[in-house]
*Asks:* 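Following this message is one structure expressed as structure tokens.
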6 protein chains.
Amino acid sequence: MTNERYESGLARLREIDGEAGARVIESLQSIAPDLARYTIEFPFGDIYQRPGLDLPSRELITVAALTALGHCEPQLNVHINAALNVGCTPGQIVETIIQMAVYAGFPAALKGMAVAKDVFTERGLIDD
Amino acid sequence: MTNERYESGLARLREIDGEAGARVIESLQSIAPDLARYTIEFPFGDIYQRPGLDLPSRELITVAALTALGHCEPQLNVHINAALNVGCTPGQIVETIIQMAVYAGFPAALKGMAVAKDVFTERGLIDD
Amino acid sequence: MTNERYESGLARLREIDGEAGARVIESLQSIAPDLARYTIEFPFGDIYQRPGLDLPSRELITVAALTALGHCEPQLNVHINAALNVGCTPGQIVETIIQMAVYAGFPAALKGMAVAKDVFTERGLIDD
Amino acid sequence: MTNERYESGLARLREIDGEAGARVIESLQSIAPDLARYTIEFPFGDIYQRPGLDLPSRELITVAALTALGHCEPQLNVHINAALNVGCTPGQIVETIIQMAVYAGFPAALKGMAVAKDVFTERGLIDD
Amino acid sequence: MTNERYESGLARLREIDGEAGARVIESLQSIAPDLARYTIEFPFGDIYQRPGLDLPSRELITVAALTALGHCEPQLNVHINAALNVGCTPGQIVETIIQMAVYAGFPAALKGMAVAKDVFTERGLIDD
Amino acid sequence: MTNERYESGLARLREIDGEAGARVIESLQSIAPDLARYTIEFPFGDIYQRPGLDLPSRELITVAALTALGHCEPQLNVHINAALNVGCTPGQIVETIIQMAVYAGFPAALKGMAVAKDVFTERGLIDD
């Protein structure tokens, strides 16, 4: 079942998401291993391999979208970590989430910021 | 206040949702008993009485919709249980949730699968 | 950085949201104090100062919107408290949430009612 | 098939929505007359009969919810007309839509206001 | 760039979506041919190839999800056509959309039914 | 009523959105001039003045969010134009919209791409 998309996707997933990505994939093995495989192959084996945007830009637009959608806290946690992993600054992440108040409303921005605060605190970037 | 729609709806709710449905209705009694009554009368007394789709098909489209909407975990839990109660296989439920990655994105599908994993584990259908 | 909008917004926030509003603002200080400032200035310094609707009406439309959006429980908790603080009755809040079953579906209404139940129980308005 | 809920719902629909409501019901006859019936029975035969909120308040919370959801322009058109029919002022409707910028973002509010502008223009309430 | 997933996906797309699917793919060629390719490879080359649900069931859950999301009329048009192409009856499609009134509210169901009416009329299944 | 935020916001709006932004503001004058003022003051006078992200990055995260939300075509049109105005390449905009297939599903990405195609065609960036 493994193939080039899977292998390059898994490498990219590890590079970007680290431990958190591995946990998502692992958690699917007992119920839907094919969803784990698609998650590796399509987002990470196809999209995050594309040259048109650098990884920090890709993670910021993902943080923007997940904050705007408003119901994706677990994935937002993974991607705020990923944004930091690929070189985004905490300040860029905070700016991205603040701007979502304009496009998706203050509740979505406040929820997104609460997730960012959890991640930043866990990584020792802020005291709380 | 009881009537034919209420009586047939309550019977259908018990058939489909079992204990979980009873808990939803019970939880409303102290604050909004009329919302409990409407929940019995309209979804279960009207819609789930209709002949045009069998109950397993009705539950799969509900699982699809709740997964796609992305913010309905408690109701998704109830309806994944309901799908199993009326004869859907775990495999059909997993397929339905995987397909939502196409139409509502991977975060919605991953959240839906996490709810399915909880239900399947609680019912001893998978080990975790 | 303080100004007239900020000062009048902070007074309005305290009047409407009380302790809960103060906690939201406080929680932002270590990560995004500017989002705290915007939350005070725009919603409370601009919008909730406007004469065209009284405060109880403003809180009911907010409860309606947050219930319909479906993914804003923390903010819905704050605004159900706020609605009570500015003179809405528990019955008006319950009616507003029930009506959302028509426009956003039963799951959204049931989730909104669960938040209302928490608030009403904490304030001793219902027994649970 | 007609019954008390249907009859009182139809009367309420005519009172609130006038021509626009009649057109919605009529448009369903060739494809899903039962959805027309449910639309009369549940929203108008059950919910809009309840005493806990007056009709202008019910229409304002509906305008709020439909604006916040963002994808319901035809229904928002019907309900802005309905709000005017039951005695809401144009100013109250405008205030409700402006406030949604806070909770659902500026795009939702701007889209809602464009619908209000169409309705107000058609009714001769503003020049355009 | 073509491969097995692409070839089997294209065949499945033609089988399910016919002309409408071809138009979606064609419309992307001048701006984002890779999105056309992914649309063929992932939904149709991966998901709609899976054995766990038959095609009519897959199309009904797609109709359910797109109706519930509420902002996907063009895709809903394609998939109501697709549902008919793979053997769903008009009655099953109507039932699926009616049921969404429960889970996503009446506006979403009414919008979905308007799309179904367009499709059924265009295919001569109903008079209008 | 004008003030520093309004003046700097109006200048920023003209710089970013050009004609399209002016039309949005103009269209509000007959119904809700205060919503026009807030649109200038908060998004453009506060947020788009902030130094933490450059304007091209701000426009890409806005394109991402509006594509993901799925119901904001008019605003997405304005912001795809704005992205081009502040120096984003068509390729970066296309990449941003493609990536939304992962997080919000293919319908949202396809709808976003249709808006981009309109804008690119109107500006002579692609033939259609």
*Asks:* Sort A/Ala116 into side chain, backbone, both or neither according to what part of it lies under 4.5 angstrom from a heavy atom of chain C.
*Replies:*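 Contact with chain C: backbone and side chain both.
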
*Asks:* Which heavy atom of A/Phe106 sits nearest to which heavy atom of C/Phe42, and what is that distance?
*Replies:*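 Looking at all heavy atoms of both residues, the closest pair is CE1-CD2, 3.6 Å.
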
*Asks:* Which bit of A/Leu69 is near chain C, if near means a heavy-atom gap under 4.5 Å: side chain, backbone, both or neither?
*Replies:*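 Backbone only.
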
*Asks:* How long is the gap from CD1 on A/Ile126 to CD on C/Gln29, to the nearest 0.5 Å?
*Replies:*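 Between A/Ile126 CD1 and C/Gln29 CD, I get 11.5 Å after rounding to 0.5 Å.
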
*Asks:* For a 4.5 angstrom cut-off between non-hydrogen side-chain atoms, does A/Pro107 reach C/Leu66?
*Replies:*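 Yes - at least one pair of side-chain heavy atoms lies under 4.5 Å apart.
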
*Asks:* Keeping the roles fixed (side chain from A/Lys117, backbone from C/Ala32), state whether a donor-acceptor pair exists under 3.5 Å.
*Replies:*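 The answer is no, because no donor-acceptor pair under 3.5 Å joins these two groups.
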
*Asks:* Has C/Gln49 got more than 12 heavy atoms of other residues, nucleotides or ligands less than 6.0 Å from its CD?
*Replies:*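 More than 12 heavy atoms, drawn from other residues, nucleotides or ligands, come within 6.0 Å of this atom.
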
*Asks:* If you define the side chain from C-beta out and look only at heavy atoms, does anything of C/Ile31 sit under 4.5 Å from A/Thr121?
*Replies:*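 A side-chain contact under 4.5 Å is absent here.
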
*Asks:* What distance separates A/Gln99 CD from C/Leu35 CG, expressed to the nearest 0.5 Å?
*Replies:*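 Answer rounded to 0.5 Å: 12.5 Å.
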
*Asks:* To the nearest 0.5 Å, tell me how far C/Thr39 OG1 sits from A/Leu110 CG.
*Replies:*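 CG of A/Leu110 is found 5.0 Å from OG1 of C/Thr39.
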
